[in-house]
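The sequence lines fix the lettering, A, B, ..., with proteins before strands; numbering per chain opens at 1. Only this structure's heavy atoms are used, side chains among them; waters, hydrogens and symmetry mates stay out.
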Protein chains: 2
Amino acid sequence: MLQDNGFRALDRKECLRLLAKVPVGRVVYTRQALPSVLPVNFSLDDDSSVLLCTSPAAELVRAIDGAVVAFEADEFDAATQSGWSVVVTGRAAVVRDPAEHERLLRDGPRSWMPMRNGVFVRIESEMISGRELTGGHGTH
Amino acid sequence: MLQDNGFRALDRKECLRLLAKVPVGRVVYTRQALPSVLPVNFSLDDDSSVLLCTSPAAELVRAIDGAVVAFEADEFDAATQSGWSVVVTGRAAVVRDPAEHERLLRDGPRSWMPMRNGVFVRIESEMISGRELTGGHGTH
């Protein structure tokens, strides 16, 4: 579907396929009443939730555990002025179940940051929206 | 400065140099009490504020005009697990001064979306923070 604004809306399946292509996305949350954003590497779990691995001491964990956050990933090409973006919105929570934590130690994302005793955070994919820009414009 | 979490903090000058390298960033704002994020192409003005060009009818304009938003840009390389991110936080406002609008029609960013009668939005760079990850870890 081509929208009025020149973007094509992507369905959930397309969104998940694109999300699986990129290693880094951005967690969007509220911090001290201000909009805040932090890029992180991630993976998708079997149920399509977004998984992060971070330090248990990270400010991010305190800020988002139990909160509704947005998670965004995209890819754009300046040469063709085209690309896509996907936003997952849902509740974030630290994985506290020991068996689940063990499973993610084997199969979950590995942090790009040096850390010990990392914790996993799951963002439920309650809402997924995406759009594609096919490019070739560049007008005011 | 290498922080405890493995990132090096970037100073304002480094942040602005990196921001100038990339064509697309992400506006982070609050929409219906939920965190929201939208990628846009942008340019930096002479005073280091972030400039966007968008449709006057865009929901984004209504949501951010007069509000404090975050604007994020980054570049990461999965092969080396390294990269940088910069966040500008400041008040966003539609450029309403006709002379300023005329100047931006000449020198400002051009939208990648097809549109007529685009409006410019300026995000003041009241706070700029950035960090660099030098990579090569990948542990839990």
Side-chain angles (χ1 to χ4, degrees), chain A residues 4-7 22-24 26-31 33-39 41 53-55 57-59 67-72 74-78 80-85 87 89 104-105 108-120 127 131 133 135-140, chain B residues 4-7 22-24 26-31 33-39 41 53-55 57-59 67-72 74-78 80-85 87 89 104-105 108-120 127 131 133 135-140:
Chain A
D4 285 347
N5 55 12
F7 283 96
V22 293
V24 171
R26 296 141 202 108
V27 181
V28 171
Y29 59 106
T30 302
R31 176 174 170 258
L34 287 177
S36 198
V37 50
L38 195 72
N41 65 299
C53 179
T54 188
S55 163
E59 183 194 281
V68 173
V69 305
F71 181 81
E72 189 264 0
D74 61 48
E75 269 188 328
F76 287 95
D77 176 20
T80 57
Q81 299 191 345
S82 63
W84 58 267
S85 66
V87 178
T89 306
L104 295 179
L105 281 175
R110 290 175 177 269
S111 175
W112 289 6
M113 294 187 293
M115 72 175 60
R116 288 177 188 168
N117 305 316
V119 294
F120 294 99
M127 290 191 291
R131 51 193 220 166
L133 177 63
H137 309 292
T139 53
H140 276 296
Chain B
D4 285 349
N5 54 12
F7 281 96
V22 292
V24 171
R26 297 141 201 106
V27 182
V28 172
Y29 59 105
T30 303
R31 177 173 169 259
L34 287 177
S36 196
V37 50
L38 195 72
N41 66 299
C53 178
T54 187
S55 164
E59 183 193 281
V68 173
V69 304
F71 181 82
E72 190 264 359
D74 61 47
E75 269 187 328
F76 287 95
D77 176 22
T80 57
Q81 300 191 345
S82 63
W84 59 266
S85 66
V87 178
T89 306
L104 295 178
L105 282 174
R110 289 174 179 270
S111 174
W112 289 6
M113 294 187 292
M115 71 175 61
R116 289 178 187 168
N117 305 316
V119 294
F120 295 98
M127 291 192 290
R131 51 194 220 164
L133 177 64
H137 310 291
T139 54
H140 276 298

Using non-hydrogen atoms only, which part of [X] is less than 4.5 Å away from chain B: side chain, backbone, both, or neither?
X     : result
A:S36 : backbone
A:V37 : both
A:V87 : side chain

Can you list the residues that meet the side chain to side chain contact (heavy atoms under 4.5 Å, CB included) rule with B:A78, with sequence neighbours excluded?
A:P23, A:W112

Calculate, to the nearest 0.5 Å, the distance between atoms [atom1] and [atom2] belonging to [X] and [Y] respectively.
X      : Y      : atom1 : atom2 : result
B:L105 : B:R110 : CG    : CZ    : 8.0 Å
B:E72  : A:R26  : CD    : CZ    : 5.5 Å
A:L133 : A:Q81  : CG    : CD    : 8.0 Å

Ranking A:T54, A:T89, A:L38 by heavy-atom pairs under 4.5 Å to chain B gives rank one to A:L38

Per-residue tally against chain A (heavy atom, under 4.5 Å) across B:T30, B:V69, B:D74 peaks at B:D74

Out of B:P39, B:A70, B:S85, return the one with the most heavy atom pairs under 4.5 angstrom to chain A.
B:P39

Steps toward side chain to side chain contact (heavy atoms under 4.5 Å, CB included) verdict (A:W84, A:V22)
CA-CA 11 Å; A:W84 58 267; A:V22 293; 3.9 Å; yes

At a 4.5 Å cut-off on heavy atoms, which part of B:V28 comes close to chain A: side chain, backbone, both, or neither?
both

